[in-house]
Amino acid sequence: MIGLTLQNAFRIESLGARGEIALFRAFIRAFNSLGSNALAQEYHGNRYQVKFSANRGSGRPVPRCELCDVMIIHYPAGNPREARVTFNQAKVSSNPLQCAPAVFAPYKFRANLEQWDLLSNRPSISTTTAKINLPADLLSSALLPSVGTFGVFYPKGKEFDFAYFVANELSPLKNNYKPSGTLQWKTQLGQVRKIGHYDEITATCCMYTFGKSLELGLIGTPLQQVLYHSTGSTEMRIWLGSILSSLQEMHPDSDLPNELVEGFELTREEPSRIVGPSTPRAVVLVRTQ
């Protein structure tokens with residue numbers, strides 16, 4: 001149900017949209033179609049939030065980039081402790097993508113290779129200014145690689161669709177010194193792998209299959225493990241508690257932020273401590289049925 005609803009909403013929201021920013025905003029607005037089961041908030045700015053030690057074998061030894069474009073948290077109704085989270089970077093491509101697995105060929109799109117390094121290798125991070133407050137182990141403490149992902153808007157006839165890729169299964173076509181490059185996906189779409197006791201889908205071909213995978217709990221890493229079983233778990237709980245408190249303040253009619261706060265027994269932080277520079281460009285909460 002979520003898949004079809006999101007697919008139809010994105011088709012409407014993205015009509016006439018061109019360029020990464022317009023398509024990204026259409027993607028965020030599409031979640032409003034889920035009514036009280038979703039909350040979508042876009043922020044402004046937030047570039048060059050983090051720095052880290054490079055792992056890709058080329059380029060600057062200490063890259064600087066944003067954390068991601070959107071943090072998506074989803075959980076089944078009545079069980080917020082089963083929530084998963086992914087930090088997703090949006091890109092736009094002129095290359096169409098075939099959804100049928102039988103005709104699949106390697107898919108390529110342009111991207112920032114430093115951003116790919118961050119979301120794929122998931123190093124410890126530090127912030128670029130004192131005004132930004134992000135947990136150092138936000139990515140490195142995650143159990144599943146799908147904590148770091150890419151979303152690609154690609155042409156489908158006269159419209160656009162959305163594909164989702166786990167970052168660590170993408171690879172650079174050429175590992176250039178400069179950040180700008182091409183990433184490629186070389187395996188079949190829609191595959192589900194098991195890590196520990198958890199399943200995750202490595203790629204989805206369209207908005208419908210992405211929404212369906214949200215509903216099945218196959219997107220992102222378990223939030224419980226990040227918040228309670230990692231070295232920086234206290235810092236993580238403060239950071240997330242502040243974001244959720246801020247969202248509750250901005251969206252008083254929504255149940256979702258409070259359900260997550262109460263489900264994970266987070267402290268309701270003072271929102272002004274963290275919102276703005278310390279958030280991704282957007283945050284989306286989804287409650288599945």
### Summary
Applying side-chain contact (heavy atoms from CB on, under 4.5 Å) to Q184 and not counting sequence neighbours gives K108, S171, L173, K186
Do [X] and [Y] have side-chain heavy atoms sitting under 4.5 Å apart?
| X | Y | result |
| --- | --- | --- |
| V70 | I28 | yes |
| E13 | F27 | no |
| P280 | D69 | no |

### Query
Any ion pair linking E169 and R193 (charged N to carboxylate O, less than 4.0 Å)?
yes
### Message
Listing request: all ring pair (Phe, Tyr, Trp, His ring centres under 6.0 Å) pairs with a residue in residues 206-225, at least two apart in sequence or in separate chains.
### Response
F162-F210, Y164-F210
### Query
Is there less than 2.5 Å between the SG of C205 and that of C99?
yes
Any sub-3.5 Å donor-acceptor pair from [X]'s side-chain atoms to [Y]'s backbone N or O?
| X | Y | answer |
| --- | --- | --- |
| N176 | S180 | yes |
| S254 | L39 | no |
| E114 | P179 | no |
| Q225 | S141 | yes |
| N168 | N121 | no |
| S146 | G220 | yes |
| Q89 | E66 | no |
| Q248 | N258 | yes |
| D161 | M207 | yes |
| N55 | S53 | yes |

### Message
To check you understand the geometry: which heavy-atom pair defines the closest contact between I2 and G211, and what is its length?
### Response
CG2-O, 3.7 Å
### Task
Return the minimal non-hydrogen interatomic distance between Q49 and L67, and the atom names on each side.
OE1-N, 3.0 Å
### Message
Can you tell me how far apart NZ (K156) and CD (E159) are? Round to the nearest 0.5 Å.
### Response
8.5 Å
### Message
Let me confirm one number: the CG-CZ distance from L113 to R60, rounded to the nearest 0.5 Å.
### Response
11.5 Å
### Task
Evaluate the side chain to side chain donor-acceptor pair (under 3.5 Å) criterion for residues N175 and S58: first the C-alpha distance (whole Å), next the side-chain angles of each, then the deciding distance (0.1 Å), finally the verdict.
CA-CA 7 Å; N175 198 10; S58 185; 4.7 Å; no
### Centroid-centroid distance, Y107 to W185, less than 6.0 Å
no
